[in-house]
Number of protein chains: 2
Amino acid sequence: MVTTHEVGTRERIVRATSRLMQRQGYAATGLKDISREAEATLGSVYHFFRGGKRELAVEAIRYGDTEFADLLRAALDRTDDPAEAIIACTRELATGLRESDWLDGCPITTAALESAGRVPDIQRAAEDAFENWRGLVRDKLRRSGFAEDVAHDLAHTVISTLEGAEMSAQVSQSEAPLEIAGRHLARLIDSYR
Amino acid sequence: MVTTHEVGTRERIVRATSRLMQRQGYAATGLKDISREAEATLGSVYHFFRGGKRELAVEAIRYGDTEFADLLRAALDRTDDPAEAIIACTRELATGLRESDWLDGCPITTAALESAGRVPDIQRAAEDAFENWRGLVRDKLRRSGFAEDVAHDLAHTVISTLEGAEMSAQVSQSEAPLEIAGRHLARLIDSYR
DNA sequence: CGCACTCTAAAACGAACGTTCTATTCAGAT
DNA sequence: ATCTGAATAGAACGTTCGTTTTAGAGTGCG
């Protein structure tokens, strides 16, 4: 028997916040939007998140962190070859973007940029997320035999380029930036073999 | 005699909007913030921009477009070698970021992401900007002898990676992502010689 | 001077914001 | 059955939002 996992109010609120912030950022996402999207009331929101909007945003960014990390891990584990694995990532991101009508880009970028240097809690959470994602790529490269420093640097550029290409693709509503980035990153990785 | 160019109210408003949107995005930037920063009144703002906040934001993005294009052009013209020129770009971006205490990233990215798929005017202006910047890089590569299709694709990845690295650097308050991206992009370009 | 026009000033609008508050529902333990 | 504490519901607070409106300077021209 298939049982759809009953999800609690608290988690519904976090998920709704994450999705809304992914699409319109932190400032444009109102608490009433959130409570409507989460099918919860304002009272519930403040019951679970006494720290208000800011605390909720931090939690939502952490949710987006693990969400993106899961996607990344799944794509990276698909093939042994790290260059091919990165191409798999770009493809995954491209289809996700297209299927959401170019609405769902990186779950945390917008909020991260809005808050950089102005809302320490949110910036810190975003910083942790990026570090987390870089770690996944770095470990994959290490396991494939790349030297530590090479893997470290490549991981930086892989994440930066994925982020930039995702944004370019979203703004121009085209998969091209991601497709091209995938090919180029694979070529760059292969150049270090 | 040195005369500081008297700048009109209209341009002060556009510049203030551009800077504020660069730092905190579209939604978080209020018209009263803008009028204060521009040393103008709301009456002046609505006199020059009858279309209100949206029209003003489009103008500010166009301003950020040419601002970033000027920086890009200057760095690209510094050396004949396109790979070195890209490294010069990353250095320029890194010092700009550091000197602004990590506050002034890409002037349009935040607003572009906030509005992607939701505010057509702004998305279009952002799309034009990215296309403009890619054109500058593509032309540079073409002039250096790269084939049309290679230059086209490289321009995509150069802009995507610059954008992503700029964002990573801003969020982690470190020049490392930009420095590493510069080295990798130069290597990628050289691999097509 | 008087007229026309551009620009600035400041007050005021309803709507929406984040937040607080009080009341109520509802299990589970005693 | 009664108490308790978590969870929910919804009204209300003071602010700030984008926008509109009305009035007042400043300037050039006949």
Side-chain angles (χ1 to χ4, degrees), chain A residues 5-61 63 110-111 114-115 118-123 125, chain B residues 5-63 110-112 114-115 118-123 125:
Chain A
H5 184 7
E6 176 74 31
V7 68
T9 304
R10 190 192 143 96
E11 184 162 358
R12 283 206 319 279
I13 293 172
V14 173
R15 287 193 201 188
T17 308
S18 177
R19 172 147 48 210
L20 288 173
M21 280 178 45
Q22 175 180 39
R23 300 195 173 195
Q24 45 191 15
Y26 173 71
T29 298
L31 253 18
K32 286 175 178 156
D33 299 333
I34 292 173
S35 69
R36 191 186 324 112
E37 175 93 0
E39 301 185 88
T41 60
L42 244 61
S44 300
V45 173
Y46 275 94
H47 169 74
F48 289 110
F49 304 94
R50 188 102 17 168
K53 192 185 184 185
R54 194 161 306 172
E55 179 187 340
L56 182 47
V58 170
E59 197 98 358
I61 286 192
Y63 183 85
T110 312
E114 275 181 285
S115 324
R118 306 189 315 120
V119 190
D121 296 347
I122 298 183
Q123 155 154 10
Chain B
H5 184 11
E6 176 73 31
V7 67
T9 304
R10 190 194 144 93
E11 185 163 356
R12 284 206 318 280
I13 293 171
V14 173
R15 289 194 200 186
T17 307
S18 177
R19 172 148 46 209
L20 288 173
M21 280 179 45
Q22 175 179 39
R23 299 194 174 195
Q24 45 191 18
Y26 173 71
T29 297
L31 287 178
K32 284 171 181 161
D33 300 334
I34 292 173
S35 68
R36 192 186 323 111
E37 175 92 359
E39 300 185 270
T41 61
L42 262 110
S44 301
V45 172
Y46 274 94
H47 170 74
F48 288 109
F49 304 94
R50 186 106 11 172
K53 192 185 184 186
R54 193 162 306 172
E55 178 187 341
L56 182 47
V58 170
E59 197 98 358
I61 286 192
R62 280 202 265 259
Y63 183 85
T110 311
E114 276 181 286
S115 324
R118 306 190 315 120
V119 190
D121 297 347
I122 298 183
Q123 156 156 7

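Within every chain, numbering begins at 1; the chains are lettered A, B, ... in the order of the sequence lines, protein sequences first and strands thereafter.
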Taking atom CD of B:Glu55 as the centre, does the number of heavy atoms from other residues, nucleotides or ligands within less than 6.0 Å exceed 12? yes

The side chain of B:Tyr46 is closest to which nucleotide in this list: C:dC7, D:dT8, D:dT20? D:dT20

Using heavy atoms to find the nearest nucleotide of DNA chain D for B:Gly30 and A:Arg10 separately, return the residue whose nucleotide is more 5′. A:Arg10

In whole angstroms, how far is the P atom of C:dC17 from the CD atom of A:Gln24? 10 Å

Global bending angle along the helix from C:dC1-D:dG30 to C:dT30-D:dA1, which compares the axes of five pairs at either end, to 10 degrees: 10°

As a test of reading the structure: which of D:dC17, D:dT19, C:dC17 is closest to the side chain of B:Asp33, going by heavy atoms? D:dC17

Is the shortest side-chain N to carboxylate O distance from B:Glu37 to B:Arg19 below 4.0 Å? yes

Rounded to whole Å, CG of B:Leu20 lies from P of D:dC17 at a distance of 12 Å

Over all atoms of both residues, closest heavy-atom pair of A:Ile122 and A:Ala111: CG2-O, 4.1 Å

Expressed in angstrom and rounded to an integer, what is the separation of A:Phe48 atom CZ from C:dT19 atom P? 18 Å

Take atom OH of A:Tyr26 and atom C1' of C:dC17, then tell me their distance rounded to the nearest Å. 12 Å

Indicate the atoms forming the closest heavy-atom contact of A:Tyr63 with A:Glu11, along with that distance. CE1-OE2, 4.4 Å

Could you state the atom-to-atom distance from CZ of B:Phe49 to P of C:dT8 in whole Å? 11 Å

Closest non-hydrogen contact found for A:Arg12 with A:Ala38 is NE-O, 2.8 Å

Take atom CD of A:Glu39 and atom C1' of D:dA7, then tell me their distance rounded to the nearest Å. 17 Å

Within 45° of the axis and under 6.0 Å from the centre of the six-membered ring of A:Tyr46, does NZ or CZ of A:Lys53 qualify? no

Rounded to whole Å, please give me the gap between CG in A:Leu56 and P in C:dC17. 15 Å

Summarise how protein sits on nucleotides 10-16 of chain C as a single string, 5' to 3': B when a protein heavy atom is under 4.0 Å from the base, S for sugar-phosphate-only contact, - for no contact. B------

Measure from the side-chain N and O atoms of B:Glu114 to the backbone N and O of B:Ala27, and report whether any donor-acceptor pair falls under 3.5 Å. yes

Check this for me: does any side-chain nitrogen of one of B:Glu59 and B:Arg15 sit under 4.0 Å from a carboxylate oxygen of the other? no

Search all heavy atoms of A:Ala28 against all heavy atoms of A:Asp33 and return the closest pair with its distance. O-OD2, 4.0 Å

Just call it for A:Thr29: base, sugar-phosphate, or nothing, with non-hydrogen atoms closer than 4.0 Å on any strand. sugar-phosphate

Quickly work out the A:Arg36 CZ to C:dC17 P distance and round it to whole Å. 8 Å

Return no unless some side-chain N or O of A:His47 is found under 4.0 Å from OP1 or OP2 of D:dA7. yes

Comparing A:Ala28 with A:Arg50, nearest DNA chain C nucleotide closer to 5' gives the residue A:Ala28

With a 4.0 Å cutoff (strictly under), does any side-chain N or O of A:Thr9 reach OP1 or OP2 of D:dA7? no

Do you know the tightest heavy-atom contact between A:Ser35 and A:Leu42? OG-CD1, 3.5 Å

